[in-house]
Amino acid sequence: MHPLGIPPAQLSDEALLHELANLHETRHDTLRHGSEDALTNHSRRTDELEREYLRRFPDREVSSARLRN
């Protein structure tokens, strides 16, 4: 078993989106109250899943309202 969960490439699209939503929901609490290890693992897993999302959906719709200079 992968120490931080199922490898992102092995997740279905639905499971990937679910995992990302869960991580984004728990980020603030982990930042404020998690141990250093918890924050490191949270950041690593978020990065893994976000990279996989971008790999799968390179042509995702980008909102002009979300662009920053």
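Bear in mind the structure is a predicted one, so any value in this text is a computation, not a measurement. In this chain, residues are counted from 1 in sequence order.
Of the inter-residue distances, the one linking Arg44 atom CZ with Leu49 atom CG reads 12.5 Å to the nearest 0.5 angstrom. Remark: His33 NE2 to His28 NE2 distance equals 6.5 Å, nearest 0.5 Å. Taking CZ from Arg45 and CG from Leu20, the interatomic distance works out to 9.0 Å, rounded to the nearest 0.5 Å. In this structure, Ile6 CD1 and Glu48 CD are separated by 12.0 Å, a value rounded to the nearest 0.5 Å. Separating the OG atom in Ser12 from the CD atom in Glu19 is a distance of 9.5 Å, to the nearest 0.5 Å. Leu17 contributes atom CG, which lies 12.5 Å from atom CG of Asn22 (distance to the nearest 0.5 angstrom).
Taking the side chain as every heavy atom from C-beta outward, Arg27 and Leu23 never approach each other to under 4.5 Å.
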**OP:** Could you walk me through whether Arg56 and Glu52 pass salt bridge (Lys or Arg N to Asp or Glu O under 4.0 Å), step by step?
**Re:** CA-CA 6 Å; Arg56 289 187 198 187; Glu52 179 63 18; 2.8 Å; yes
**OP:** Report the C-alpha separation of Ser43 and Leu39 in whole Å, then their side-chain angles, then the decisive distance to 0.1 Å, and conclude whether the side chain to side chain contact (heavy atoms under 4.5 Å, CB included) test is met.
**Re:** CA-CA 6 Å; Ser43 296; Leu39 184 58; 4.3 Å; yes
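Summarising the local packing, NE2 of His18 is surrounded by 12 or fewer heavy atoms from other residues, nucleotides or ligands at distances under 6.0 Å.
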